[in-house]
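Working notes for the structure below.
Read the numbers this way: they start at 1 and go in the same order the structure lists the ligands and their atoms.
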Amino acid sequence: MAERRRVGILLSGRGSNMQALVAASRLPDARYDVVIVASDKPEAPGLAWAEGEGIVTYATSPKGRPKADYEAEIERALRGMRVEVIALAGYMRLLSPAFVERWRGRILNIHPSLLPKYKGLDTHARAIAAGDSVAGASVHLVTEELDGGPVIGQAQVDILPGDTPDTLAARVLDAEHALYPAALDRFLSR
Ligand code: GRF
């Protein structure tokens, strides 16, 4: 097996997708290691979990400073750990075009809809309101356009009678936890 690739994760919140990525990275045939988890929110629960697992973490707040400074700091932390691929996992900030350009083709994101449907927020409420019979999640490459880059993997979930945005979100999240590690693994095998 070739040497494992070095993945850095950016998150802003609870980090359940990050946990799924870390769990998969610990399987014997994994193609990657999660070498750093970084956040724009020092208080993000996902960061505390990663720290508890002995993973290098880094947090810096973008508040009250130019975005370029904030992103340069995050990037220094990633490069300091020799990150090759960035996985966004509930990172609630748009990366600047300059950042995306420097990492083009090497940033993945997971989004809770069947893209190109329902970019942005409130995806489950919008899918239910539209009367859709299926929802799901997509892993895509990150470009300058919000949730707009090429899709590299999707998982579908039925929308059931009586589903609320919360019940649907919970089922989609389960599907995300299987989808993201599988899509990342496939991406790294190219
Ligand atoms: C997930 O629904 C993901 O699709 C979206 O943000 C949420 C993050 O959840 N991008 P978690 O922090 O991974 O639990």
Looking just at side-chain N and O atoms, do Glu84 and Tyr32 make a donor-acceptor pair shorter than 3.5 Å?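 No, no side-chain donor-acceptor contact under 3.5 Å.
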Pairwise salt bridge (charged side-chain N to carboxylate O under 4.0 Å, His left out) hits with a residue in residues 122-136, at least two apart: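 Sorted result for residues 122-136: Lys117-Asp132.
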Protein residues that have a heavy atom under 4.0 Å from any atom of ligand 1, sorted by chain and number: Arg14, Gly15, Ser16, Asn17, Gly90, Ile110, His111, Pro112, Glu176
Who else is in Met92's hydrophobic cluster (ILVMFWY, side-chain heavy atoms under 4.5 Å, direct or via others)?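 Listed partners: Leu121.
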Non-hydrogen atoms of Glu51 and Thr57 that approach each other most closely: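 Looking at all heavy atoms of both residues, the shortest contact is OE1-OG1, 3.4 Å.
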Between Asp163 and Thr167, which heavy-atom pair has the shortest distance, and what is it?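 Taking every non-hydrogen atom into account, OD1-OG1, 2.7 Å.
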Can you list the residues that meet the salt bridge (charged side-chain N to carboxylate O under 4.0 Å, His left out) rule with Arg79, with sequence neighbours excluded?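 Scan of Arg79 (salt bridge (charged side-chain N to carboxylate O under 4.0 Å, His left out), adjacent residues dropped) gives Glu75.
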